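See structure below.
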Protein chains: 2
Amino acid sequence: MTRVLVVDDEPALARALAINLRAHGYDVDVASDGRGALAAASTRLPGLVVLDLGLPDMDGVQVVEGIRGWSTVPVLVLSARHEQAQKVAALDAGADDYITKPFGMNELLARVRAALRRASPAEPPLARVVTGSFVVDLAAHTVVAGGRDVRLTPTEWHLLEVLVRNPGRLVLQRQLLQEVWGPQYGNESNYLRVYVSQLRRKLEPDPPRPRHIITEPGVGYRFEP
Amino acid sequence: MTRVLVVDDEPALARALAINLRAHGYDVDVASDGRGALAAASTRLPGLVVLDLGLPDMDGVQVVEGIRGWSTVPVLVLSARHEQAQKVAALDAGADDYITKPFGMNELLARVRAALRRASPAEPPLARVVTGSFVVDLAAHTVVAGGRDVRLTPTEWHLLEVLVRNPGRLVLQRQLLQEVWGPQYGNESNYLRVYVSQLRRKLEPDPPRPRHIITEPGVGYRFEP
DNA sequence: CCATGGCGTCAAGGTCCCGTCAAGGCACCT
DNA sequence: AGGTGCCTTGACGGGACCTTGACGCCATGG
């Protein structure tokens, strides 16, 4: 089964994570600081890293950078609420997803499964994405919501396409902006707000309470199938 | 099961192919020259064509072009080693794959399966497209709208053909331009505007409010059956 | 408790693209 | 040579789309 590296300086939380992950069939290594994390990542070659940002010896971002220097292993970041800035920096550095403490173990396990599923051998390029509310046909360039064809403007479509091609995955604001508007756009998050709003109005059954185009405040958006 | 058209002028090879394909559950038609191949392709509507390039009456490339004129059926080319140039020309003309003689029957069967798999989810090769307002016969090269034959210029027909071959799918402006006008045309979208307008005037019941030739602003056009 | 920042929503302005018409030029047929 | 399509090209309204600013709301933090 897959090997998971848990990096956390709180022994209680580290143990809880290890027990739960082992109970679901993963092999688990544990490190309690940044140096140990980098050492374990390079020697044990885990298939996934769960990384708590609050470490005693070094910044969590440095750990992510240290791993990304030589590996593409998925990194799942745990962050306390006051570590907002670090969290964004860690995602920018190449982390794949994050969970805010406190969190439910079921949510963590789901994120672990999702990250591993994405990392596994080249998912076939999907041509059609189906949700409970709408269907996106990437090949035909069409969207059907509530049984009716929906007309999208080029920008709306492009934005939806990027989100939908990363199902379940967090997509950073900067990433979306550069993909849809161009490399020189990185901070005009107001564009995102306007177009996400329009997409939800056209696609979500209850736009004020979106179920598929989810906001990750301060970070980005996530498409949930 | 799928119908396969075998085109080969060597009776021994043609028979061997037919026997092996039938043994694997395909329905097989056989043609021994180019004229017969084109006739069989248009009347029997095979799901795959196995085409030997060395034909007595016409160039194999012409056969491919003749088929591609109205159909997207996968074409698998058989070529002798010295027919290298023809093979490339055939692929350029729209053939999907090739096998060099001599070849093993297992390899051919694998290529056949691969070609069919690519073609599926297979729209049955459409030779006639019907909408609420007009009928396009791709084989006969005719259009009937409102009970009357419609005369189309070559460019109009070519444009309509590309759209109609991609029912329900968005076709990009550049794609249309390069397909109809040639590879060096990519940005002269004014051509499209003129000819789309003419097509709508000839085909749509209410040209200002088209129901079948739909504009996707800034992107391309879409044919809706 | 209030202040703050990010988010969602709306409306208005300006720009770009689309549809349409008409004239010129070229090739082919008679 | 003349005539007849057909393709190309320019001009011009009208509409769709993108951008931008303003405002209210909620959650977070002091």
Side-chain angles (χ1 to χ4, degrees), chain A residues 79-88 91 100-102 150-160 163 170-174 176-177 179-182 184-222, chain B residues 143 150-160 163 170-174 176-182 184-222:
Chain A
S79 77
R81 209 167 282 283
H82 63 276
E83 291 167 332
Q84 176 99 2
Q86 272 194 45
K87 176 184 71 183
V88 176
L91 290 167
T100 302
K101 293 189 285 188
V150 177
R151 275 189 52 83
L152 296 183
T153 72
T155 307
E156 287 167 0
W157 170 264
H158 204 168
L159 179 60
L160 177 65
L163 288 171
L170 171 64
V171 187
L172 302 178
Q173 292 183 353
R174 181 170 310 156
L176 285 167
L177 285 165
E179 180 76 24
V180 177
W181 277 269
Q184 65 274 28
Y185 291 77
N187 297 317
E188 358 292 271
S189 58
N190 45 328
Y191 289 11
L192 289 178
R193 291 206 293 280
V194 170
Y195 277 89
V196 166
S197 173
Q198 287 173 358
L199 277 180
R200 293 210 262 240
R201 181 146 36 93
K202 291 185 177 180
L203 302 181
E204 295 272 4
D206 184 16
R209 307 184 172 277
R211 293 174 50 193
H212 302 105
I213 303 177
I214 310 298
T215 303
E216 299 283 353
V219 182
Y221 292 86
R222 183 194 305 274
Chain B
V143 185
V150 176
R151 273 188 49 82
L152 295 183
T153 72
T155 306
E156 287 167 0
W157 170 262
H158 203 169
L159 179 60
L160 177 64
L163 287 172
L170 171 65
V171 188
L172 301 178
Q173 292 183 353
R174 179 170 310 158
L176 285 167
L177 284 165
Q178 295 186 347
E179 181 76 25
V180 177
W181 277 268
Q184 66 275 28
Y185 292 77
N187 297 318
E188 355 291 273
S189 57
N190 44 328
Y191 290 12
L192 289 178
R193 292 206 293 278
V194 171
Y195 276 88
V196 167
S197 175
Q198 288 172 359
L199 278 180
R200 293 210 262 239
R201 182 145 35 95
K202 293 185 178 180
L203 302 181
E204 294 272 3
D206 183 16
R209 305 183 166 275
R211 294 174 50 193
H212 302 105
I213 304 178
I214 310 297
T215 303
E216 296 284 350
V219 186
Y221 293 86
R222 177 199 314 278

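Reminder, nothing fancy here: chain letters follow the sequence lines and each chain counts from 1. Quick caveat, the model's predicted, so the values are computed rather than measured.
For the side chain to side chain contact (heavy atoms under 4.5 Å, CB included) test with A:Tyr221, the passing option among A:Leu159, A:Ile214, A:Leu176, A:Leu170 is A:Leu176; the others fail.
In this structure, B:Leu192 CG and B:Arg174 CZ are separated by 12.0 Å, a value rounded to the nearest 0.5 Å. A distance of 5.5 Å separates CG in A:Leu203 from CD1 in A:Ile213, rounded to the nearest 0.5 Å. Rounding to the nearest 0.5 Å places CG of A:Leu152 at 7.0 Å from CH2 of A:Trp157. Expressed to the nearest 0.5 Å, how far OG1 of A:Thr153 lies from NE2 of A:His158 amounts to 11.5 Å. The structure places CG of A:Leu163 at 10.5 Å from CD of A:Glu179, a figure rounded to the nearest 0.5 Å.
In the helix from C:dC1-D:dG30 to C:dT30-D:dA1, the terminal helix axes, each the rotation mapping four pairs' C1' atoms onto the next four within five end pairs, subtend 20°, rounded to 10°.
Atom CZ in B:Arg209 sits roughly 14 Å away from atom C1' in C:dG19 (whole-Å rounding). Note: CD (B:Glu204) to C1' (C:dG19) measures 13 Å, nearest angstrom. For B:Tyr191 and D:dT9, the OH to C1' distance is 7 Å, given to the nearest whole Å. For the pair B:Glu188 CD and D:dC7 P, the interatomic distance rounds to 16 Å; values are reported in whole Å.
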Trace of the side-chain contact (heavy atoms from CB on, under 4.5 Å) decision for B:Val143 with B:Glu156 | CA-CA 11 Å; B:Val143 185; B:Glu156 287 167 0; over 6 Å; no
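By the 6.0 Å contact criterion, CG on A:Asn187 is open, its count of non-hydrogen atoms from other residues, nucleotides or ligands being 12 or less.
Note on ring orientation: taking the six-membered ring where Trp is involved, the planes of B:Tyr195 and B:Trp181 are perpendicular (angle over 60°, cut-offs 30° and 60°).
In the region residues 150-160 of chain A, proximity to DNA chain D at under 4.0 angstrom, judged on heavy atoms, holds for A:Arg151, A:Thr153, A:Pro154, A:Thr155.
Judged purely by atom type and a 3.5 angstrom limit, B:Glu204 has no side-chain atom pairing as donor or acceptor with the backbone of B:Arg209.
Between A:Arg151 and B:Glu216 the shortest side-chain heavy-atom distance falls below 4.5 Å.
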In B/S/- notation, 5' to 3', how is nucleotides 4-9 of chain C contacted by protein heavy atoms closer than 4.0 Å?
-> --SBBB
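Neither OP1 nor OP2 of D:dC7 sits under 4.0 Å from any side-chain N or O of B:Trp181.
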